[in-house]
**Q** 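Just dropping this structure here.
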2 protein chains.
Amino acid sequence: MVPYSCGLDAAADVIGGKWKPRILWALHHGPMRFGELRREIAGVTEKMLIQQLRELEARDIVHREVFRQVPPRVEYSLTGLGQSLNVALAPLDAWGAEHLEILEASRAG
Amino acid sequence: MVPYSCGLDAAADVIGGKWKPRILWALHHGPMRFGELRREIAGVTEKMLIQQLRELEARDIVHREVFRQVPPRVEYSLTGLGQSLNVALAPLDAWGAEHLEILEASRAG
DNA sequence: TCAGGTACTGACCGGAAGGTAAGTGATGGT
DNA sequence: ACCATCACTTACCTTCCGGTCAGTACCTGA
């Protein structure tokens, strides 16, 4: 495996995957339960959501906390690193929002 | 196809793909010939480079200009939209650079 | 004459990413 | 007794992204 060629390369690797940006953005407002995330992020399946959450957890971007209750309660939140990442993502979100129409128009598929 | 759920979603779609961030970053310093890009971006194949360039061109992120010469000369440069994208990408690059070590450490592979 | 540089194009292939559907185990509601 | 909720887990299948390799057309320099 080749080392990252620049910071952008590394960042892209972290937020890579179909659902990670959505997850990051959803957690922006505070901790969320698994089921809440699932409902918030339209179209995601349980398997995909967990998979991506686990990857973000392994990267120390999100924190997973289990409350031993019945029914089980698991909360996901951003770590300090995750919050700093979200800050860095803000301009990109703004860019996308500003050019939404052209981007929708030139979209493949 | 579902509309983009937020600006970040749209932006991620534009810079998605293994080589696009590298291409954007390489063009940051000004127009480049195909061969120059190829040498600058270590590991990319001709097919992949062209494919990604064409996609970026279709999105109006890069501009392609052909000089009818012998040998052929083709230059790629950022459009206005591409430059604004690069500006929005800068904080993300800085974030990646700042946490390069942890990110390398927690990398899968 | 023939390799080498220029900027591509196209056929084929493998693996990984992502999607579908079903099952798990404890508990609370009707 | 039965179903739903919670947070997962597993097996299986399909799609597609990216990689290899070969070929194209043109001209230059040895």
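Quick caveat: nothing in here was measured; it's all calculated off a predicted structure. The chains referred to below are lettered A, B, ... by the order of the sequence lines, with proteins before strands, and numbering in each begins at 1.
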**Q** Is it possible for you to check whether Arg64(B) lies under 6.0 Å from the centre of the six-membered ring of Phe34(B), through NZ or CZ, and within 45° of that ring's axis?
**A** no
**Q** Taking NZ, NE, NH1 and NH2 as the nitrogens, is one of them in Arg33(A) or Glu36(A) under 4.0 Å from a carboxylate oxygen of the other?
**A** no
**Q** Find the distance Lys47(A):NZ to dA21(C):P and express it as a whole number of Å.
**A** 13 Å
**Q** Round to the nearest Å and state the distance from Leu49(A) atom CG to dT9(D) atom C1'.
**A** 14 Å
**Q** Within this structure, what is the CD1-to-C1' distance between Ile50(B) and dG23(D), rounded to whole angstrom?
**A** 14 Å
**Q** Within the supplied structure, the quantity of interest is the number of heavy atoms (other residues, nucleotides, ligands) at a distance under 6.0 Å from Gln69(A) CD; does it exceed 12?
**A** yes
**Q** Ignoring the backbone of Glu46(B), work out which of dG18(C), dC6(D), dC8(C) is nearest its side chain.
**A** dC8(C)
**Q** Using whole Å, what does the distance between atom P of nucleotide dG18(C) and atom CG of Leu53(A) come to?
**A** 14 Å
**Q** Could you state the atom-to-atom distance from CZ of Arg38(B) to C1' of dA7(C) in whole Å?
**A** 10 Å
**Q** Quick one: is Arg54(B) getting a side-chain N or O under 4.0 Å of the dT9(C) phosphate, OP1 or OP2?
**A** yes
**Q** Looking for any heavy atom pair under 4.0 Å, which part of the strands does Arg33(A) touch: base, sugar-phosphate only, or nothing?
**A** sugar-phosphate
**Q** How many Å lie between CZ on Arg73(A) and P on dA26(C), as a whole number?
**A** 21 Å
**Q** In whole angstrom, what separates Leu37(B)'s CG from dG5(C)'s C1'?
**A** 17 Å
**Q** Can you tell me how far C1' of dT9(C) sits from CD of Gln51(B), to the nearest Å?
**A** 12 Å
**Q** Check every atom of dC8(C), dG19(C), dG19(D) against the side chain of Trp19(A) and return the nucleotide holding the closest atom.
**A** dG19(C)
**Q** Linking I/L/V/M/F/W/Y whenever their side-chain heavy atoms sit closer than 4.5 Å, directly or via other members, would Val87(B) and Trp95(A) fall into one cluster?
**A** no
**Q** By the 4.0 Å heavy-atom rule, please label Tyr76(B) as base, sugar-phosphate, or nothing.
**A** sugar-phosphate
**Q** Among dA7(D), dG10(C), dG18(C), which is the nearest nucleotide to the side chain of Gln52(A)?
**A** dG18(C)
**Q** Does this structure show an ion pair linking Asp13(A) with Lys20(A), if we count only N-O contacts that are shorter than 4.0 Å?
**A** no
